[in-house]
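In the text below, chain A, chain B and the rest are named by the order of the sequence lines, each starting its count at 1.
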Amino acid sequence: MSKTFQRTLITSALPYANGPVHIGHLAGVYIPADIYARYLRLKGEEVLFIGGSDEHGVPIALKAKAEGISPQEIVDRYHYIIKKSFEDFGITFDIYSRTTSAIHYKTASDFFRKLYDKGEFIEKTSEQYYDEEAKQFLADRYITGECPHCANKNAYGDQCEACGTSLTPLDLIDPKSAISGSVPVLKETKHWYLPLDKHEAWLKKWILEDHKEWKSNVYGQCKSWLDMGLQPRAVSRDLDWGIPIPVEGGEGKVLYVWFDAPIGYISNTIEHSPDDWEKWWKDESSRMIHFIGKDNIVFHCIVFPAMLKADGTYILPENVPANEFLNLEGDKISTSRNWAVWLHEYLEDFPEKQDVLRYVLTANAPETKDNDFTWKDFQARNNNELVAVFGNFVNRALVLTHKYFEGKVPARGALNDYDRATLDEFKRIRQDLEDCLNQFRFRDALKEAMNLARIGNKYLADTEPWKLAKTDMERTAAILNISLQIAANLAIAFEPFLPFSSEKLKRIINKKDLNWNGLGSIDLLGADHQLNQPELLFEKIEDEMIEKQIQKLQDTKKANNQNPN
RNA sequence: CGCGGAGUGGAGCAGUUGGUAGCUCGCCAGGCUCAUAACCUGGAGGCCGUGGGUUCGAGUCCUUCCUCCGCAACCA
């Protein structure tokens, strides 16, 4: 329960490199992971934060075919866009690599080989649909045909969307390949399976008994799978894009992307720390946390742990704080329908406003259920919270100090009861903030940080130093000293969430070396410390900027309605 | 048919082991004027998705049904 760990390995889901990244990716996975990584680093803990592009799999192979270029060209295109978006938004990966790297090929290949040699797989031969024109086996969803239940002509091989019945490709009447349109034929093929059923007993104990603290969506999903009973799961595919199966009989077959992708976490660690990567993965004093979206729960909580256990030398994740999904203006985010706010486009329209998006996505993070992102909410949170509460307080404290004390931190002198009550309150916030962060409740944590600014505003309103300055400079000095200490505390408290603004605030108060241990202190800024000129931390976002974004989405919707597919 | 998550004032969310329904934003009124018309105080506004049950007492436990999201093992 209260195990202590020496270091923390933070992984974030590998984004699939068939498109750029959007706000849903950021809100669900990368911002929470980055907040957590920054928080631990600020506390002085040893952290490794891993990311990378997931570049194999059928959709990329098909997209390449459709565009008449190689899969490698597709993933090269998106990998660099994705990588740059993360850098631009201040996601502080220690390494952001990719699953087409040489080291990953070797790592994944060796991983498979070891499990193969240990006898951890079973082999099965089955009949599957094969497209003779495209010369490839077809995944269920790439076969269409008539639904045997409702006669819908466009049912998929896994499900009929018209009546909701789940199907297998063999159920379809008049099956057709979605790739070439030809009629597929059944053909025998051999695959390797990870027998999850053999791992069921320890998985049950490990999750259902030892990890009751996992989020309810994660725990519930795992329980559901475990109660249903696990089945062997294929870890190879008939495909020419991926990591070749490194054993006899594996010709023309590759690792299933879901086998290959999580190994990417390991490869990236090796790439980052070739000499001591094992301490992160094989030492019981290391803690591993997977940040993912809800669609990945089963892979990170059941399949990947089973793979690690099958190998036998790895530690298992300590927690898997999966988020739900973010919708956009009431509709599901969709790459194919272009219904998204793309990160690279956001920065063109809102340059330097990374923190505004980071703030809004954290304040409205889909932690317990799907949430909706709207541009009106984005504007309101910026104008009413960042500008009015946080930015305004800092500005007030700075302007007053420049006005009465030439920008030098005045000496504090004695505290009165009201000062002490205020300080007690803002010391309490540190504890609340840490409690929230430790439980991966980032939305609440951010609210606590904002409460610190609220305390500051209330303190100024109640003590009215602009009035006292006419009669009692000593008291005015004490009040401004405390206000400035609160401002310095804000720079620390917000650093995990709004790193760019925190940097700016530190520049304004002319104080670089602040760390988490200083949070709650009223001695961060010494008497006579010279402050810089006040600058606005955030600026208002006007209606026209927002209307432009809403218009852009309406245009997308109109275009989609004209070309429905 | 199934499994998991969610359904709380206009919006977004909290509600710990059942005991007078809270927070942020918006709205209304007042105060202040140092501050980016920002800030502070007060107020209005809720049959806690639906029907039933357990209990002295249920947002909280049991159950019926409805809605949304995800999963359902070859969608990464």
Side-chain angles (χ1 to χ4, degrees), chain A residues 13-18 54-60 99 126 128-129 137-143 156-159 166 168-169 191 193 196 215-225 227-228 230-234 236-239 256-262 293-299 302-303 322 324-325 327 332 363-372 374 376-377 380-381 383-389 391-404 441 443-444 447 450-451 454 456-462 464-467 469 480 483 534 536-540:
Chain A
L14 306 185
Y16 197 58
N18 69 341
D54 175 13
E55 307 188 313
H56 295 129
V58 175
I60 284 172
T99 58
S126 61
Q128 292 187 14
Y129 275 120
F137 281 93
L138 296 166
D140 288 1
R141 80 145 150 180
Y142 292 108
I143 304 167
Y156 294 102
D158 54 351
Q159 182 178 42
S166 81
T168 74
H191 284 292
Y193 290 71
L196 292 178
K215 290 177 60 174
S216 61
N217 56 342
V218 177
Y219 187 90
Q221 185 81 214
C222 291
K223 185 171 187 317
S224 148
W225 276 66
D227 287 350
M228 247 186 294
L230 300 175
Q231 303 294 317
R233 182 159 183 128
S236 56
R237 291 289 185 279
D238 290 292
L239 191 69
Y256 175 38
V257 285
W258 262 116
F259 187 85
D260 139 26
K294 67 172 159 183
D295 50 338
N296 288 183
I297 289 171
V298 68
F299 295 100
I302 292 179
V303 181
E324 303 285 302
F325 285 161
N327 293 324
K332 195 187 291 195
N364 190 31
E367 289 180 2
T368 51
K369 62 165 197 183
D370 291 0
N371 277 351
D372 197 24
T374 68
K376 290 282 183 200
D377 179 63
R381 286 191 186 275
N383 293 354
N384 304 329
E385 298 176 29
L386 287 177
V387 173
V389 178
N392 186 227
F393 166 69
V394 170
N395 193 235
R396 296 171 84 185
L398 265 286
V399 167
L400 287 167
T401 306
H402 275 274
K403 189 165 178 180
Y404 301 125
R441 289 167 41 216
R443 205 172 47 193
D444 288 343
K447 199 180 275 181
M450 197 51 100
N451 280 339
R454 290 199 166 88
N457 275 319
K458 182 167 162 50
Y459 180 72
L460 282 180
D462 290 347
E464 301 184 308
W466 52 89
K467 279 187 183 165
L480 288 181
S483 300
L536 296 182
L537 224 38
F538 304 97
E539 53 189 26
K540 285 194 87 164

What integer number of Å spans the [atom1] atoms of [N] and [M]?
| N | M | atom1 | answer |
| --- | --- | --- | --- |
| B:U17 | B:C61 | C1' | 12 Å |
| B:G19 | B:G57 | P | 14 Å |
| B:C47 | B:G59 | C1' | 12 Å |
| B:G26 | B:G10 | C1' | 7 Å |

Who pairs with [X] by side chain to side chain contact (heavy atoms under 4.5 Å, CB included), at least two apart in sequence or on another chain?
| X | value |
| --- | --- |
| A:Ser236 | A:His191, A:Trp192, A:Ile245 |
| A:Lys369 | A:Asn371 |
| A:Asn392 | A:Arg396, A:Asn457 |
| A:Pro534 | A:Asn395, A:Leu398, A:Val399, A:His402 |

Extract from the structure each pairing of a protein N or O with an N or O of nucleotides 26-34 of chain B at less than 3.5 Å, listing the distance.
| from | atom 1 | to | atom 2 | distance (Å) |
| --- | --- | --- | --- | --- |
| B:G26 | OP1 | A:Asn384 | OD1 | 3.3 |
| B:G26 | OP1 | A:Asn384 | ND2 | 3.1 |
| B:C34 | O2 | A:Arg396 | NE | 3.2 |
| B:C34 | N3 | A:Arg396 | NE | 3.2 |
| B:C34 | N3 | A:Arg396 | NH2 | 2.6 |
| B:C34 | N4 | A:Arg396 | NH2 | 2.9 |

- How does RNA chain B read in dot-bracket, base by base from 5' to 3', with Watson-Crick or G-U pairs under 3.5 Å and | used when the partner is on another strand? .((((((..((((.....[..)))).(((((.......))))).....(.(((..]....))).))))))).....
- Task: Can you see which heavy atom on A:Asn384 is nearest to which on A:Ala388, and at what distance?
- Result: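 Smallest interatomic distance, heavy atoms only, reads O-CB, 3.4 Å.
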Each nucleotide N or O in nucleotides 63-68 of chain B that has a protein N or O under 3.5 Å away: list the pair and distance.
none

- Query: Taking only residues two or more places apart in sequence, or in another chain, which ones meet A:Asp370 in a side-chain hydrogen bond (donor to acceptor under 3.5 Å, both in side chains)?
  - Reply: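 Applying side-chain hydrogen bond (donor to acceptor under 3.5 Å, both in side chains) to A:Asp370 gives A:Lys294.
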- Task: State which residues pass side-chain hydrogen bond (donor to acceptor under 3.5 Å, both in side chains) with A:Lys376; sequence neighbours excluded, sorted by chain then number.
- Result: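 Per chain and number, A:Lys376 pairs via side-chain hydrogen bond (donor to acceptor under 3.5 Å, both in side chains) with no residue.
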- Item | Any residue meeting ring pair (Phe, Tyr, Trp, His ring centres under 6.0 Å) with A:Phe325, in chain and number order, not counting sequence neighbours |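 Checked A:Phe325 against ring pair (Phe, Tyr, Trp, His ring centres under 6.0 Å); zero matches.
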- Query: In chain order, what residues pass the ring pair (Phe, Tyr, Trp, His ring centres under 6.0 Å) check against A:Phe538, with sequence neighbours excluded?
  - Reply: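 Testing A:Phe538 for ring pair (Phe, Tyr, Trp, His ring centres under 6.0 Å), a comparison that skips the adjacent residues, returns A:Phe390.
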- Take A:Val257 and A:Lys540, find for each the nucleotide of RNA chain B with the closest heavy atom, and name the residue whose nucleotide sits nearer the 5' end.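 It is A:Lys540 whose nearest nucleotide is closer to the 5' end.
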- Query: Taking for each residue the nucleotide of RNA chain B bearing the nearest heavy atom, is the 5' side occupied by A:Phe538 or by A:Arg454?
  - Reply: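 First, find each residue's nearest nucleotide; the 5'-ward one identifies A:Arg454.
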Give every pair of a protein N or O atom and an N or O atom of nucleotides 6-12 of chain B that lie under 3.5 Å apart, one pair per line with the distance.
| from | atom 1 | to | atom 2 | distance (Å) |
| --- | --- | --- | --- | --- |
| B:G12 | O2' | A:Asn364 | OD1 | 3.2 |

